[in-house]
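Computed over heavy atoms, backbone and side chain alike; hydrogens, waters and symmetry mates excluded. Below, chain A is the first sequence line, B the second, and so on; all start at residue 1. All of these numbers come straight from a predicted model, not from anything done at the bench.
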There are 2 protein chains.
Amino acid sequence: MSRSYRQFCGVAKALDLVGERWTLLLVRDLILGPRRYTDLLHGLPGLTTNLLAKRLRELTRHGLIRRTTLPPPASVLVYELTEEGRRLEPVVLALGAFGAEYMTEPSPEDLMNARWSAVSLRRRFRGSPQQGIVQLEIGEQLFQARFGDEIEVRDGTPWAPDVRLMGDLPTWGALLTGRERLRDLVKRGRLRREGPAQISSAFARSVRIRP
Amino acid sequence: MSRSYRQFCGVAKALDLVGERWTLLLVRDLILGPRRYTDLLHGLPGLTTNLLAKRLRELTRHGLIRRTTLPPPASVLVYELTEEGRRLEPVVLALGAFGAEYMTEPSPEDLMNARWSAVSLRRRFRGSPQQGIVQLEIGEQLFQARFGDEIEVRDGTPWAPDVRLMGDLPTWGALLTGRERLRDLVKRGRLRREGPAQISSAFARSVRIRP
DNA sequence: CGGAATCCTCTTCGATACTG
DNA sequence: CAGTATCGAAGAGGATTCCG
């Protein structure tokens, strides 16, 4: 039985469920899609295996994630958010918006991660008159964003992209913190584009990336 | 020096600052206005004095709250959110929205608190064509809400209200969790109104209170 | 190799007592 | 009123071991 604040208040009830250390970071890492135990473990250095197991048990017990098997041929055990768990996305995005102000330059000991950058796209998005599908290649990792009135960001390559944007993680970091402009990074060859510039520009505007 | 996740990610940076136990509840209790040390302590049963002092020190060091003296004649030491600290309100409201689903009936050991109910008005608000100032009297405590396009909720009686709504805490709880309807509570005398019903109705609609 | 449980140490939390 | 000081209990971090 875990500790509770015992307050009849939504904020306290929420923190009873997800206020423990690491819990909301786990949720963040599940927002883009299901992940397996070791993916989660390796994606969260500092989190130990016993604590991960414990947190996954708690989240499962509260109905916020479930353990399931991916359809063949993958047939692999993964954890994924339930519908209830998806309701935590606004919490994660609000925290991200608050914390983003404290994220100018990565400090030397800061870990960087492509997935965290991809998650931030959801909260950066402000709607776009145009629509399209962008494939983001952040180092070795692929994500796709389908945008228009809404934006959907997914792990992997579920769709056929209109345009691909390719760069390493520090490059994407510089772009997403506003330290660099898109056109400069393309000019210097740190970011590569394949496909119509019009769509990548619309995407950039929609997620507040400096053109 | 406090523990850090050391991740270059807004969510992690936010949790580095406010992810510890009690911190966000403290922020919640400061949203409606400045409070003194003992008010905070008594408003958060279970939080001990040494931990409160520690949390206040951390929040102050991070620039999220400040210690200040109320203008005379009060001349009393209080803690209040800074501008930076106010940026946490969306986080608190998002948590409240998530947790509200788990808040049907108060369990016997759940504490209730007028202030927490008043904070929830901000997240429940969805805009109103009409405007007005409602005084909420929740047990002994007074709050005011000025609403229209936006809503502002304040501790105490800063304005001249158009209408007053008076009831005890359980009554307000039943109203705000949707267990009871406004008109039934008024009919049964558990809620009293003083002032034009038109304004209290507009207010009720705007904060999703069942008419 | 993925998915844990165990053991041990260290830090944080909680309860109470005490002080300017 | 506004905090410190002290101390046992709970939780987190790290390494190792176990199981299918």
request  = Could you check how far CG of A:L25 sits from C1' of D:dA12, rounded to whole Å?
outcome  = 14 Å
query = Tell me: NE2 of A:H42 to P of C:dA4, nearest whole Å?
reply = 14 Å
key: Side chains of A:S4 and A:R6, donor plus acceptor under 3.5 Å   = no
query = What one-letter contact string describes nucleotides 13-20 of chain C from 5' to 3', where B marks a base within less than 4.0 Å of any protein heavy atom, S marks contact via sugar-phosphate atoms alone, and - marks no contact?
reply = SBBBB---
inquiry  = What is the distance, to the nearest angstrom, from the OH atom on B:Y79 to the C1' atom on D:dA2?
reply    = 7 Å
request  = Using only side-chain N and O atoms of A:T38, determine if any of them is under 4.0 Å from OP1 or OP2 of C:dC1.
outcome  = no
task = Using atom CG of A:D39 as one end and atom P of C:dG2 as the other, report the distance to the nearest whole Å.
result = 9 Å
task = Write down the distance between CZ (B:R67) and P (D:dA2), rounded to a whole number of angstrom.
result = 8 Å
ask   = Reckon B:Y5 has a side-chain N or O less than 4.0 Å from the OP1 or OP2 of D:dG13?
value = no
key: Atom pair CZ (B:F143) and CG (B:L121), whose distance is rounded to the nearest 0.5 Å   = 9.5 Å
ask   = Looking only at side chains, do A:R66 and A:T82 share a donor and an acceptor under 3.5 Å apart?
value = no
key: Integer-rounded Å distance: D:dG11 C1' and A:R57 CZ   = 14 Å
ask   = Checking side chain to side chain contact (heavy atoms under 4.5 Å, CB included) for the pair B:L111/B:W116: CA distance, chi angles, key distance, verdict?
value = CA-CA 10 Å; B:L111 297 156; B:W116 307 337; 4.2 Å; yes
inquiry  = Just the rounded figure in Å: distance from C1' of D:dA2 to CZ of B:R35.
reply    = 15 Å
Donor-acceptor pairs under 3.5 Å, side chain of residues 31-39 of chain A to any protein atom, not counting sequence neighbours: which ones?
| from | atom 1 | to | atom 2 | distance (Å) |
| --- | --- | --- | --- | --- |
| A:Y37 | OH | A:T49 | O | 2.8 |
| A:Y37 | OH | A:T49 | OG1 | 2.8 |

key: No-hydrogen, no-angle side-chain donor-acceptor test under 3.5 Å, B:R28 and A:Q7   = yes
message = Whole angstroms only, please: what is the OH-C1' distance between A:Y37 and C:dG3?
response = 6 Å
task = Pick base, sugar-phosphate or nothing for B:L52, based on heavy-atom distances below 4.0 Å to the nucleic acid.
result = nothing
Point-to-point distance, once rounded to the nearest 0.5 Å, from CD of B:E58 to CG of B:L26 = 10.0 Å
